[in-house]
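Here's the structure we're looking at; comments come further down.
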Amino acid sequence: VVFPNEISALEKGNLSEQQKKLLELLPNAPVIYILDFKITDYQNLYFEMGEPLVLENKVVAGQLLHDGMKDFSEKQFVACFNKMTILSIANPNDINALFYGGMAAYYKKDYTEAEKRFEKVIASKNNSFKQEGYWFKAMALFENNKKEESKKLLQEISEGKGFYTKRASELLKQLN
């Protein structure tokens with residue numbers, strides 16, 4: 001991301017806009033994979049002082065996440081959504097529950113709920129799902145007939161350097 005001659009600019013905080021955008025794409029929390037799905041900050045979110053986090057209903061949070069991811073992998077989006085909602089209620093900052101709950105809402109065609117969850121994903125300090133959050137929020141806006149808002153967000157994505165840049169540019173060409 002940063003060339004050797006740019007190190008002093010980085011240390012002084014003098015970054016170009018392009019460098020700032022590229023740095024925003026770097027995950028700022030650890031990532032693991034469960035059933036080939038990205039999960040972030042697992043240790044902090046699902047353990048407390050080395051012990052598995054147990055929710056009010058005596059369900060182990062990490063197991064509920066795992067079960068929800070299994071539902072998601074089997075395209076059981078309602079079941080996944082329900083599990084992610086339980087996790088989100090227990091911890092409103094659970095970025096995994098917010099993201100996969102948003103994805104489940106999107107795939108079960110509850111675009112308004114998907115928008116809300118992706119907005120929280122985008123606003124989170126943990127940026128591990130930020131690119132996906134922007135993309136799927138734009139898709140949910142589009143599906144909710146908020147075409148102009150969707151186009152605006154797609155324009156922002158297409159001007160970036162992220163994973164969805166090319167797809168956003170291509171979709172914008174089709175929409176215009």
Side-chain angles (χ1 to χ4, degrees), residues 1-2 10 13-29 31 33-41 45 65 68-69 71-176:
V1 172
V2 180
L10 178 62
N14 300 331
L15 300 174
S16 70
E17 287 306 308
Q18 182 181 11
Q19 288 170 322
K20 287 178 186 176
K21 283 184 179 183
L22 290 171
L23 283 173
E24 285 177 11
L25 300 178
L26 295 175
N28 63 1
V31 170
Y33 288 85
I34 295 177
L35 302 173
D36 289 332
F37 294 105
K38 178 169 59 172
I39 302 296
T40 183
D41 216 10
L45 290 170
L65 174 73
M69 298 314 302
D71 291 336
F72 190 85
S73 73
E74 294 172 352
K75 299 182 181 358
Q76 301 296 319
F77 300 120
V78 172
C80 174
F81 180 82
N82 292 339
K83 289 174 177 78
M84 296 304 134
T85 298
I86 292 168
L87 288 170
S88 293
I89 290 169
N91 179 358
N93 296 317
D94 184 336
I95 189 74
N96 300 304
L98 289 169
F99 178 71
Y100 288 106
M103 293 296 293
Y106 179 83
Y107 286 120
K108 68 185 191 89
K109 300 185 185 323
D110 184 349
Y111 302 118
T112 301
E113 184 63 32
E115 278 181 53
K116 290 179 198 173
R117 293 191 186 223
F118 292 133
E119 190 59 44
K120 290 178 182 177
V121 167
I122 292 165
S124 175
K125 290 179 184 176
N126 182 329
N127 71 354
S128 296
F129 294 107
K130 192 166 284 219
Q131 290 184 69
E132 295 92 339
Y134 277 116
W135 174 258
F136 281 99
K137 181 181 178 194
M139 297 298 94
L141 287 166
F142 186 82
E143 295 294 344
N144 248 349
N145 291 314
K146 298 178 182 177
K147 309 285 193 227
E148 291 309 310
E149 284 182 69
S150 178
K151 283 183 183 180
K152 183 179 176 186
L153 195 50
L154 287 168
Q155 185 63 44
E156 288 178 33
I157 295 167
S158 72
E159 291 170 0
K161 298 285 183 198
F163 181 80
Y164 293 96
T165 298
K166 185 177 178 185
R167 287 173 69 182
S169 296
E170 290 169 358
L171 186 53
L172 275 171
K173 286 177 189 171
Q174 291 175 8
L175 297 176
N176 290 328

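Side-chain atoms are counted along with the backbone in the values below, which use heavy atoms only and exclude waters and symmetry mates. Note that the structure is predicted; figures quoted are calculated from it, not measured.
With rounding to the nearest 0.5 Å, the separation of CD1 in Ile95 from CZ in Arg117 is 12.0 Å. Atom CD in Gln76 sits 11.5 Å away from atom CG in Asn82 (nearest 0.5 Å). Atoms OG1 and CG, on Thr165 and Leu154 in that order, are 11.0 Å from each other to the nearest 0.5 Å. Atom NZ of residue Lys137 and atom NZ of residue Lys146 lie 8.5 Å apart, to the nearest 0.5 angstrom. To the nearest 0.5 Å, atoms CZ (Phe99) and OG1 (Thr40) are separated by 11.5 Å.
Although no hydrogens or angles enter the test, the distance criterion places no donor-acceptor pair under 3.5 Å between the side chain of Asp41 and the main chain of Ala29. Not a single donor-acceptor pair under 3.5 Å links the side chain of Ser124 to the backbone N or O of Lys120. Distance alone, capped at 3.5 Å, is enough to place a donor-acceptor pair between the Asp110 side chain and the Glu113 backbone. In this structure, the side chain of Gln131 engages the main chain of Phe163 through a donor-acceptor pair within 3.5 Å.
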Exercise for the section: Assess whether side chain to side chain contact (heavy atoms under 4.5 Å, CB included) is satisfied between Met139 and Leu171, documenting all intermediate values. Expected result: CA-CA 10 Å; Met139 297 298 94; Leu171 186 53; 3.3 Å; yes

Handout entry: Check against side chain to side chain contact (heavy atoms under 4.5 Å, CB included), Tyr164 and Glu132
Key = CA-CA 8 Å; Tyr164 293 96; Glu132 295 92 339; 3.6 Å; yes

Problem - Stepwise side-chain hydrogen bond (donor to acceptor under 3.5 Å, both in side chains) test for Thr112 and Asn144 - result: CA-CA 7 Å; Thr112 301; Asn144 248 349; 3.1 Å; yes

Exercise for the section: Dump the intermediate steps for side chain to side chain contact (heavy atoms under 4.5 Å, CB included) on Lys75 and Lys108, then the final yes or no. Expected result: CA-CA 9 Å; Lys75 299 182 181 358; Lys108 68 185 191 89; over 6 Å; no

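Annotation for Leu98 and Pro92: closest pair CD1-O, 3.6 Å, computed over non-hydrogen atoms. Residues Ile39 and Tyr100 come closest through the heavy atom pair CD1-CE1, 3.9 Å. For the pair Ser150 and Leu141, the tightest heavy-atom approach, listed with the atom from each and the gap, is CB-CB, 3.9 Å.
Geometrically, Lys38 does not engage Tyr33 in a cation-pi contact defined by less than 6.0 Å to the ring centre and at most 45° from the axis.
A donor atom on one side chain and an acceptor atom on the other are found under 3.5 Å apart for Ser128 and Asn126. There is a side-chain donor-acceptor pair under 3.5 Å between Glu159 and Gln155.
Note: Tyr111 and Tyr106 have perpendicular aromatic rings, judged against thresholds of 30 and 60 degrees for the angle between ring planes. The aromatic rings of Phe72 and Phe77 sit perpendicular to each other, their planes meeting at more than 60°, with 30° as the lower class boundary.
More than 12 heavy atoms of other residues, nucleotides or ligands sit less than 6.0 Å from atom NZ of Lys147. Around CZ of Phe37, the count of heavy atoms belonging to other residues, nucleotides or ligands within 6.0 Å exceeds 12.
Evaluation of the salt bridge (charged side-chain N to carboxylate O under 4.0 Å, His left out) test over residues 79-93, restricted to residues two or more places apart or in two chains, returns Asp71-Lys83.
Exactly one residue among Leu45, Asp94, Asn96 makes a side-chain contact (heavy atoms from CB on, under 4.5 Å) with Leu87. That residue is Asp94.
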